[in-house]
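One structure is given below, encoded as structure tokens.
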Amino acid sequence: RRFWGWLNAVFNKVDYERIQAVGPDRAASEWLLRCGALVRYQGHQKWQQDYNGLPTGPMGKYKIEAIHATDSCIMYRGFDYLDGLEHVAEIKLQKCIYIQDQCLQRLSETKNLQKSLLQLWIISCGNVTDKGIIALHKLTNLEYLYLSDLPGIREKQTTVRILQQALPNLELELDLE
């Protein structure tokens, strides 16, 4: 088990030279696919899931529009890859064992995501608590948030009230017990 944690940490190590060389969207695509997530590019319907099948072309041609991280090993350590992404409108975090409050805080402090992110799903991420959900209040353009199966949410009413006060236009859908 310790070996897999170490390997996942290696997969999440940010390569800043690579970001400079191939651009933020390509570098982030490589990181996300290496960790088991999927990406969808602007103007494309198909989800990219094969690391070896990443599209080629001039730097900046393929802009990440959506990220689906289901059962992926993405973790806080790799979140610097998100900084240069300007077109991500949708993120789904589902069954991600390394996603925790610190990750959601980092997500909400990413300037480009504050502008572009419209929809967010957080499902079955056992290390997320009220603190992480409340941190999302900085995503001022967020239109839709779905929260499900998050046992770390203990103060549901308070958390919802704080979020709705901060983001009055947010459609919040809950499936929490």
Looking at every heavy atom in both [X] and [Y], which two are closest together, and how far apart are they?
{"X": "Gln114", "Y": "Thr140", "result": "O-OG1, 3.9 Å"}
{"X": "Leu150", "Y": "Ser124", "result": "CD2-N, 4.0 Å"}
{"X": "Leu38", "Y": "Gln49", "result": "CD2-CB, 3.0 Å"}
{"X": "Leu139", "Y": "Leu167", "result": "O-CD2, 3.6 Å"}
{"X": "Ile99", "Y": "Phe79", "result": "CD1-CZ, 3.9 Å"}
{"X": "Cys96", "Y": "Ser72", "result": "SG-OG, 3.8 Å"}

Within one Ile-Leu-Val-Met-Phe-Trp-Tyr cluster: [X] and [Y], side-chain cutoff 4.5 Å:
{"X": "Tyr16", "Y": "Phe11", "answer": "no"}
{"X": "Ile134", "Y": "Leu93", "answer": "no"}
{"X": "Leu118", "Y": "Ile67", "answer": "no"}
{"X": "Leu176", "Y": "Leu120", "answer": "yes"}
{"X": "Val14", "Y": "Ile74", "answer": "yes"}

Ignoring hydrogens and geometry, is there a side-chain-to-backbone donor-acceptor pair from [X] to [Y] under 3.5 Å?
{"X": "Asn12", "Y": "Met75", "result": "yes"}
{"X": "Asp101", "Y": "Val128", "result": "no"}
{"X": "Asp149", "Y": "Cys125", "result": "no"}
{"X": "Ser116", "Y": "Val88", "result": "yes"}
{"X": "Asp130", "Y": "Arg154", "result": "yes"}
{"X": "Asn141", "Y": "Leu117", "result": "no"}
{"X": "Ser108", "Y": "Ala135", "result": "yes"}

* Asked: Does the gap between the ring centers of Trp121 and Tyr144 come in under 6.0 Å?
  ->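 Judged by ring-centre distance (under 6.0 Å), Trp121 and Tyr144 do meet the cut-off.
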* Asked: Hey, do the aromatic rings of His44 and Tyr62 have their centres closer than 6.0 Å?
  ->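 Yes, close enough.
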* Any side-chain heavy atom of Lys63 within less than 4.5 Å of one from Glu86? -> no
* **Verdict with supporting geometry, Ile122 and Ile133, side chain to side chain contact (heavy atoms under 4.5 Å, CB included)** => CA-CA 9 Å; Ile122 304 171; Ile133 300 303; 3.9 Å; yes
* Test Tyr76 against Gln100 for side-chain hydrogen bond (donor to acceptor under 3.5 Å, both in side chains), laying out the working first. => CA-CA 8 Å; Tyr76 182 83; Gln100 58 204 16; over 6 Å; no
* Under-4.0 Å salt bridge between Asp83 and Arg106 -> yes
* To do: Could you tell me whether Glu109 and Lys138 have a side-chain N and a carboxylate O separated by less than 4.0 Å?
  =>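 Salt bridge present between Glu109 and Lys138.
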* After noting the C-alpha distance and the side-chain angles of Leu54 and Thr56, does the key distance pass the side chain to side chain contact (heavy atoms under 4.5 Å, CB included) rule? -> CA-CA 6 Å; Leu54 274 168; Thr56 57; over 6 Å; no
* To do: Classify the side-chain pair Gln48/Tyr41 by whether it contains a donor and acceptor separated by less than 3.5 Å.
  =>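 There is no such pair (donor and acceptor under 3.5 Å, judged by atom type) between the side chains of Gln48 and Tyr41.
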Drop me the distance from [X]'s [atom1] to [Y]'s [atom2], to the nearest 0.5 angstrom.
{"X": "Leu174", "Y": "Ile153", "atom1": "CG", "atom2": "CD1", "answer": "9.0 Å"}
{"X": "Met59", "Y": "Gln20", "atom1": "CE", "atom2": "CD", "answer": "8.0 Å"}
{"X": "Leu172", "Y": "Leu145", "atom1": "CG", "atom2": "CG", "answer": "5.0 Å"}
{"X": "Leu85", "Y": "Thr110", "atom1": "CG", "atom2": "OG1", "answer": "9.0 Å"}
{"X": "Asp25", "Y": "Glu65", "atom1": "CG", "atom2": "CD", "answer": "11.0 Å"}
{"X": "Lys95", "Y": "Asp71", "atom1": "NZ", "atom2": "CG", "answer": "5.5 Å"}

* Asked: Should Asp15 and Tyr81 be marked as a side-chain hydrogen bond (donor to acceptor under 3.5 Å, both in side chains) after you check the CA-CA gap, both sets of side-chain angles, and the distance that decides it?
  -> CA-CA 9 Å; Asp15 183 345; Tyr81 279 111; 5.6 Å; no
* **Full working for side chain to side chain contact (heavy atoms under 4.5 Å, CB included) between Arg161 and Gln157** => CA-CA 6 Å; Arg161 186 173 31 78; Gln157 280 81 11; over 6 Å; no
* To do: Report the C-alpha distance between His68 and Glu90 in whole Å, list the side-chain angles of each, state the deciding distance to 0.1 Å, and finish with yes or no for side-chain hydrogen bond (donor to acceptor under 3.5 Å, both in side chains).
  => CA-CA 8 Å; His68 277 205; Glu90 172 185 313; 2.9 Å; yes
* Asked: Is the CD atom of Gln165 crowded by more than 12 outside heavy atoms at less than 6.0 Å?
  -> yes
* **Atom NZ of Lys131: over 12 foreign heavy atoms under 6.0 Å** => no
* Tell me, with the steps shown, if Leu82 and Trp31 meet side chain to side chain contact (heavy atoms under 4.5 Å, CB included). => CA-CA 10 Å; Leu82 301 174; Trp31 165 60; 4.0 Å; yes
